[in-house]
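Submitted below is the structure of interest, expressed as structure tokens.
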Amino acid sequence: MTDYSSLIDAETWAFIERTNSFYPPDTIDYTIGEQRAIYDRMCGEFHAGYPTGLTAETTAISTPTRDVPIRIYRAAKPDPSAMVLYFHGGGFMLGGLESHDDVCAELCDRTGFEVVSVDYRLSPEHLYPACHDDGYAAFEWVATTYPARAIVLAGDSAGGNIAAAVAGRYRRHAHAPAGQVLIYPGLGGDHTSGSYLTHADAPMLTTRDMAFYQRIRTGGADVSKDAGFAPLRDTDFSGLPPTVCIMAECDPLASDGPAYRDAIRAAGGKAVSFEEKGLVHGYLRARHSVTRARKSFARIVAAVRMLGLGQWDEDSLS
């Protein structure tokens, strides 16, 4: 069993304990409605507010079957070079525009790029691939709406999975993504090795939690070979945009970033993966209270900025 007392520092333990006070580790044993209420309250407790001068507009993308709610963030000092399409985390069954509202606001403010946050459909009411279909619709909308801007895909956890699926589908689009920044994403890695074993019982996310979310996401159907569902199961990694994976060390998903990086590099692409030492799944909410998380968020901002400007310099992110 991994000794987290030697890996996780006092600041991060304080964050974990504060999170657990709002979102107990056994929350997956509650009803879906209860879990959502608990998660929303927890996210609200961590909300850091908006940077000065930033504005946000909540609207929707019209598709033939439904409207997809989005929120567009605009910085006080905008940079029209690029825009960011952001997909929130939450196990494909939690969260929405409010859960990652302040994260998107700060990402917008610190890069200068407009950020479009997507309120994709959640399981179990809408099983896979509904969430991804909303992600695809959002990409097509931004590709049309921002024809002169580079598109950077970004997302955390479940949202990182959706971002990678969008990157795979639209890699040869006329307005293909300029890059993707995936924050502790679940990409469908080998559950019998690596971090899935070493960190099976990590604070904040366990393999038991992951199994629950997968059942909820699919309704029990076997879609494990679907490259949208699990981007690491793809048979072709060529043509993917420059990719930056930011992984938490103390997380069952930690191995997915290096595996995805290696697959992209083997296909001739550009990719890098960073393992943030001593951090845990969900640490974006700790970016104002934990030094390691603050530094990691700075790396995320730098990666988005780099890709939005069409640059590639791995050393600048170290």
Side-chain angles (χ1 to χ4, degrees), residues 32-33 35-37 39-41 43-44 47 50 54-75 78 80 82-108 113-170 173-177 180 182 185 213 216-219 221 223 226 228-229 231:
I32 301 299
Q35 290 187 54
R36 287 175 177 163
Y39 183 80
D40 290 345
R41 178 170 178 258
C43 291
H47 196 288
Y50 278 11
L54 182 134
T55 61
E57 173 192 2
T58 303
T59 181
I61 298 167
S62 293
T63 77
T65 57
R66 72 181 293 265
D67 289 344
V68 181
I70 59 172
R71 184 167 292 162
I72 305 172
Y73 299 82
R74 300 181 177 95
M83 62 78 56
V84 181
L85 183 60
Y86 194 93
F87 301 98
H88 69 83
F92 303 98
M93 57 164 279
L94 306 169
L97 295 180
E98 302 304 329
S99 64
H100 290 64
D101 182 50
D102 56 335
V103 171
C104 290
E106 290 179 35
L107 186 60
C108 171
F113 302 153
E114 282 191 24
V115 174
V116 174
S117 177
V118 183
D119 190 12
Y120 55 85
R121 285 171 290 179
L122 300 177
S123 301
E125 295 89 343
H126 306 282
L127 300 178
Y128 175 83
C131 54
H132 285 57
D133 289 341
D134 290 349
Y136 302 147
F139 176 83
E140 291 174 7
W141 181 84
V142 300
T144 300
T145 305
Y146 299 84
R149 302 190 193 189
I151 301 171
V152 179
L153 305 172
D156 66 287
S157 193
N161 173 284
I162 297 174
V166 171
R169 172 168 288 206
Y170 293 99
H173 188 274
H175 192 174
Q180 56 176 339
L182 311 180
Y213 292 135
I216 292 295
R217 182 185 179 194
T218 65
V223 293
D226 185 329
F229 177 84

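Below, each value reflects all heavy atoms present in this structure, side chains not excepted, and no hydrogens, waters or symmetry copies.
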Next on the checklist: Go through it in stages, so that I can follow the logic: the residues are Tyr39 and Ser99, the test is side-chain contact (heavy atoms from CB on, under 4.5 Å), and I'd like the CA-CA distance, side-chain angles, deciding distance and then a yes or no.
Outcome noted: CA-CA 8 Å; Tyr39 183 80; Ser99 64; 3.8 Å; yes
Next on the checklist: I'd like to know if the side chain of Asp67 reaches the main chain of Ala60, judged simply by a donor and an acceptor atom lying under 3.5 Å from each other, with no hydrogens or angles considered.
Outcome noted: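 Not confirmed, Asp67 side chain does not pair with Ala60 backbone.
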Checklist entry - Got a second to check how far Tyr213's OH is from Ser123's OG, nearest 0.5 Å? => result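 Tyr213 atom OH to Ser123 atom OG measures 12.0 Å (nearest 0.5 Å).
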Checklist entry - Side chains of Leu107 and Phe113: closer than 4.5 Å at any heavy-atom pair? => result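 When only atoms from C-beta onward are counted, Phe113 and Leu107 do not touch, as no gap falls below 4.5 Å.
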Next on the checklist: Quick one: does any side-chain atom of His132 pair with a main-chain N or O of Ala163 as donor and acceptor, under 3.5 Å?
Outcome noted: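 Pair absent, no side-chain N/O of His132 close to backbone of Ala163.
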Item to check | N-O pairing of Arg36 and Glu125 below 4.0 Å | outcome: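 Here Arg36 pairs with Glu125 in a salt bridge, since their nearest N and O are under 4.0 Å apart.
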Item to check | Closest heavy-atom pair and its distance - Gly228, Asp226 | outcome: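 Shortest heavy-atom separation between Gly228 and Asp226 comes out as N-OD1, 2.7 Å.
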Checklist entry - Between Arg71 and Thr58, do the side chains contain an N or O donor and an N or O acceptor separated by less than 3.5 Å? => result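 There is such a pair between these side chains.
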Next on the checklist: Would you say the ring centers of Phe139 and His173 fall short of 6.0 Å from each other?
Outcome noted: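 Yes: the rings meet the under 6.0 Å criterion.
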Checklist entry - Do Met93 and Ile32 come close enough that some side-chain heavy atom pair is under 4.5 Å? => result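 A side-chain contact exists here, since the closest heavy-atom pair is under 4.5 Å.
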Checklist entry - Do you know which two heavy atoms are closest between Gly90 and Ala158, and how far apart they sit? => result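 Heavy atoms of Gly90 and Ala158 come nearest at N-CB, 4.2 Å.
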Checklist entry - Tyr86 versus Asp156: any side-chain heavy-atom pair under 4.5 Å? => result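 In short, these two side chains touch, coming nearer than 4.5 Å.
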Next on the checklist: So, taking the atom named CD1 in Ile72 and the one named OG in Ser117, what distance separates them when rounded to the nearest 0.5 Å?
Outcome noted: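 Reported to 0.5 Å precision, the distance equals 10.5 Å.
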Next on the checklist: Holding to ring-ring contact (aromatic ring centres under 6.0 Å, His included), I want the full list of residues that pass it with His88, two or more places apart in sequence or in another chain.
Outcome noted: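 If we apply the ring-ring contact (aromatic ring centres under 6.0 Å, His included) test to His88, skipping adjacent residues, the hits are His100, Tyr120.
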Item to check | Residue pair Pro231 / Ala165: nearest heavy atoms and the distance that separates them | outcome: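 So the minimum-distance heavy-atom pair works out to CG-N, 4.2 Å.
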Checklist entry - Are Tyr146 and Glu114 linked by a side-chain donor-acceptor pair shorter than 3.5 Å? => result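 Yes, a side-chain donor-acceptor pair sits under 3.5 Å.
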Item to check | Val142 vs Ile61 side-chain heavy atoms within contact, under 4.5 Å | outcome: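 Not touching, per the 4.5 Å side-chain cut-off.
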Item to check | Pairs meeting criterion salt bridge (charged side-chain N to carboxylate O under 4.0 Å, His left out) with involvement of residues 83-95, two or more places apart | outcome: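 Listed once each, the pairs would be none.
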Checklist entry - How far apart are the closest heavy atoms of Ile162 and Gly135, and which atoms are they? => result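 Reported closest heavy-atom pair: CG2-CA, 4.3 Å.
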Checklist entry - Can you check side-chain hydrogen bond (donor to acceptor under 3.5 Å, both in side chains) on Tyr170 and Glu140, steps first, answer last? => result CA-CA 9 Å; Tyr170 293 99; Glu140 291 174 7; 2.5 Å; yes
Item to check | Between CD1 on residue Ile70 and CG on residue Asp119, distance to nearest 0.5 Å | outcome: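 Separation between the atoms: 10.5 Å.
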Item to check | Minimum heavy-atom distance Ala75-Leu54, with the two atoms named | outcome: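 Where Ala75 meets Leu54 most closely, the heavy atoms are CA-CD1, 4.5 Å.
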Checklist entry - Given side chains that start at C-beta, do those of Leu94 and Leu122 come closer than 4.5 Å, heavy atoms only? => result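 SC-SC contact between Leu94 and Leu122 ruled out.
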Checklist entry - Are side-chain heavy atoms of Pro69 and Leu97 found at a separation under 4.5 Å? => result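 A side-chain contact exists here, since the closest heavy-atom pair is under 4.5 Å.
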Checklist entry - Could Arg169 and Tyr136 be counted as a cation-pi pair, given that NZ or CZ must be under 6.0 Å from the ring centre and within 45° of the axis? => result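 Yes, a cation-pi geometry.
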Next on the checklist: Check this for me: does any side-chain nitrogen of one of Arg66 and Asp134 sit under 4.0 Å from a carboxylate oxygen of the other?
Outcome noted: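 A salt bridge links Arg66 with Asp134.
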Item to check | Phe229: partners by ring-ring contact (aromatic ring centres under 6.0 Å, His included), with sequence neighbours left out | outcome: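 Residues passing ring-ring contact (aromatic ring centres under 6.0 Å, His included) with Phe229: Tyr128.
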Item to check | Rounded distance [0.5 Å steps], CD in Gln180 versus CZ in Phe87 | outcome: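 If we round to the nearest 0.5 Å, Gln180:CD and Phe87:CZ are 10.5 Å apart.
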Item to check | Thr218 to Val223 - nearest heavy-atom pair and separation | outcome: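 Shortest heavy-atom contact: CG2-CG2, 3.8 Å.
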Checklist entry - Hey, does Met83 have a side-chain heavy atom less than 4.5 Å from the side chain of Ile151? => result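 In contact.
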Checklist entry - Are any non-hydrogen side-chain atoms of Glu98 and His47 less than 4.5 angstrom apart? => result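 SC-SC contact between Glu98 and His47 ruled out.
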Next on the checklist: Test your reading of the model: is there a side-chain donor-acceptor pair from Ser157 to the backbone of Gly159, 3.5 Å cut-off?
Outcome noted: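 Absent.
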Checklist entry - Quick one: CG on Asn161 to SG on Cys131, what's the gap to the nearest 0.5 Å? => result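 Reported to 0.5 Å precision, the distance equals 7.5 Å.
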